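The basis for the numbers below is simple: all heavy atoms, side chains too, and nothing from hydrogens, waters or symmetry mates. Remember, predicted model here, so these are calculated numbers, not experimental data.
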Amino acid sequence: MTTATITSNITTASICRFFAEYASYMLGCGATCIRIDRNMERMARTIDATIDMTILPSHILITMTDNHTGETSHHSSSIARIPVNYDMNTRLSKLSWLVAEHRLDLSEAAGVFRHIIHSKPMNPWAVMGLVVLANASFCRLFGGDFNAMGIVSFATLIGYSLKNILLGRHTDIKLTFLACSFISATIGCAGHLFGLSSTADIALGTSVLYLIPGIPYINSVSDLLDGHYLCSFSRFAHATVLTACIALGLTGGILLMRLNVF
Amino acid sequence: MHIFQEIIQDAFFAAIAAIGFAAISNPPRATIKYSAIIAAVGHATRFCLMRFAALNIVVSSLAGAFFIGILAIIISPKAKCPPETFAFPALLPMIPGIYAYRTIQAFVMSMAASGEADFNHYFYLCESNGITCAFVILAMVLGQMIPILMFKNRAFSSTRG
């Protein structure tokens with residue numbers, strides 16, 4: 001039976017470590033707790049084990065119990081600090097099915113896992129172009145005119161470029177969001193300052209919206225509904241801190257340009 | 001503008017916004033088109049409900065998000081991806097950004113207010129916009145999560161095979 005094969009190939013401790021790292025990357029890439037629970041349960045069933053997961057704000061603790069012998073094993077891992085990555089989420093979820101259907105054993109799965117977490121993200125230039133278009137469209141959805149869309153596009157282009165540069169240099173994410181919001185808001189003031197748009201207020205308000213951490217907010221509600229209160233609160237607090245940084249940057253930009261929008 | 005044109009325009013810009021927000025979350029490339037389609041349908045639904053049924057933005061957002069969740073559940077086994085992959089980015093164009101902006105604006109104004117009347121006025125604006133913003137976000141997320149939780153098995157086995 002598969003259980004025997006797996007336990008002869010890799011130790012219980014290394015299986016537990018694999019599960020901890022798997023959960024850590026799933027959390028980091030933006031998976032909901034309910035999905036992580038299900039994926040891990042699915043894989044653990046193949047070795048007749050039970051997995052219990054404790055998610056703390058920065059760490060994850062895995063307890064694996066062998067249903068046959070009652071032996072338990074623990075492993076804690078730091079939550080991977082990576083950007084939201086749905087490609088990784090999808091591939092890691094597929095990996096759990098490959099294990100569940102005995103198409104891969106856990107030692108092979110660990111190898112595939114390493115390959116997945118080191119895969120390259122989308123071309124940053126392409127992402128930047130799409131984000132610029134997205135934020136300009138956002139401005140239009142709020143009733144902005146074409147000049148406002150132009151202002152928002154430029155503000156997003158400069159702000160997003162700065163974000164890439166700062167994150168590339170491992171600058172603190174809160175400082176990065178503050179700086180990007182400040183720069184984008186300062187540029188977003190152009191509509192007011194030069195009378196370029198009849199919807200200058202919308203341009204200014206939209207110029208920083210590409211920074212809003214929407215997915216952490218959505219995930220926090222999903223986790224809340226699923227009863228993962230600690231993780232839900234942790235995600236919500238993190239997203240709120242970033243939103244506060246955006247608000248501070250926006251206020252700073254407006255005050256610097258001495259706009260009388262307030 | 002002809003009303004049909006307005007709906008198409010709303011759907012079009014929502015789709016472009018969803019593509020950009022999807023790109024930030026680094027999805028499998030084949031799924032970006034689904035995010036665009038789902039966002040267009042969801043946002044146009046909200047637009048129509050607000051425009052023709054004169055429904056409140058919170059209720060309309062709930063209905064739009066519910067549509068997004070349903071479509072994501074239908075498409076996910078075909079795309080072999082978790083429904084969140086396209087449902088979450090598709091939801092983001094509905095974020096009430098302008099309400100959030102006006103909340104911050106009014107908050108700063110209330111701090112700088114010179115008298116009680118001014119303070120009350122700006123604090124009222126801050127609360128009013130803030131409450132609307134919070135409830136729209138809650139409605140969006142709940143509306144989209146309900147179908148995923150209703151069809152758990154389908155949602156969590158979409159990556160199978």
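- B/Asn26 has its side chain out of reach of A/Tyr86: every pair of non-hydrogen atoms, C-beta onward, lies at least 4.5 Å apart.
- Among the candidates A/Leu130, A/Leu225, A/Val131, A/Asn85, the residue making the largest number of heavy-atom pairs closer than 4.5 Å to chain B is A/Asn85.
- If you measure heavy-atom distances from A/Arg91 to chain B, you find no contacts under 4.5 Å at all.
- Checked by atom type and distance alone, the side chain of A/Arg35 pairs as donor or acceptor with a backbone atom of B/Ala155 at under 3.5 Å.
- The two residues B/Ala17 and A/Ser137 make their nearest non-hydrogen contact at N-CB, 4.0 Å.
- Distance check: B/Thr159 OG1 to A/Leu92 CG gives 10.0 Å after rounding to the nearest 0.5 Å.
- Counted within 6.0 Å of CZ on B/Phe52, heavy atoms from surrounding residues, nucleotides or ligands total more than 12; the atom is thus considered enclosed.
- Counting heavy-atom pairs closer than 4.5 Å to chain A, the top-ranked of the candidates B/Gly20, B/Pro82, B/Ala15 is B/Pro82.
- Taking the centre of each ring, A/Phe138 and B/Phe13 stay at or above the 6.0 Å mark.
- A side-chain contact (heavy atoms from CB on, under 4.5 Å) with B/Ile104 is found for one member of A/Leu248, A/Thr251, A/Thr243, A/Ile246 and no other, namely A/Thr251.
- Only the side chain of A/Ile212 comes within contact range of chain B, judged by heavy atoms closer than 4.5 Å.
- Looking at every heavy atom in both residues, A/Phe142 comes nearest to B/Pro96 through CZ-C, 4.5 Å.
- Considering all non-hydrogen atoms of both residues, A/Arg38 and B/Asn153 come closest at NH1-OD1, 3.6 Å.
- Looking only at heavy-atom pairs under 4.5 Å with chain B, the residue among A/Thr206, A/Leu133, A/Ile215, A/Asp87 that has the most is A/Asp87.
- Heavy-atom minimum distance, A/Tyr210 versus B/Ile24: O-CD1, 4.1 Å.
- Taking 4.5 Å as the heavy-atom cut-off, the residues of residues 134-152 of chain B that approach chain A are B/Val141, B/Leu142, B/Gln144, B/Met145, B/Leu149, B/Lys152, ordered by number.
- In this structure, B/Leu92 and A/Gly214 approach most closely via the heavy-atom pair CD2-CA, 3.7 Å.
- Between B/Phe47 atom CZ and A/Leu141 atom CG the span is 10.0 Å, to the nearest 0.5 Å.
- The structure places CD of B/Glu84 at 9.0 Å from CD1 of A/Ile34, a figure rounded to the nearest 0.5 Å.
- B/Ile16 CD1 to A/Arg140 CZ: the interatomic distance, rounded to the nearest 0.5 Å, is 13.0 Å.
- Of the inter-residue distances, the one linking B/Ile98 atom CD1 with A/Thr199 atom OG1 reads 9.5 Å to the nearest 0.5 angstrom.
- Contacts from residues 120-127 of chain A to chain B, taken as heavy-atom pairs separated by less than 4.5 Å, involve A/Pro121, A/Met122, A/Val127 in sequence order.
- Chain A forms more heavy-atom pairs under 4.5 Å with one residue of B/Ala100, B/Ser25, B/Pro27 than with any other, namely B/Ser25.
- From B/Phe88, atom CZ reaches atom OG1 of A/Thr32 across 6.0 Å, with rounding to the nearest 0.5 Å.
- The minimum heavy-atom distance between A/Leu209 and B/Phe21, with the atom names listed, is O-CE2, 4.4 Å.
- No part of B/Thr31 comes within reach of chain A, as not one of its non-hydrogen atoms sits under 4.5 angstrom from that chain.
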Step by step, work out the side chain to side chain contact (heavy atoms under 4.5 Å, CB included) result for A/Ser93 and B/Phe156. CA-CA 9 Å; A/Ser93 296; B/Phe156 295 106; over 6 Å; no
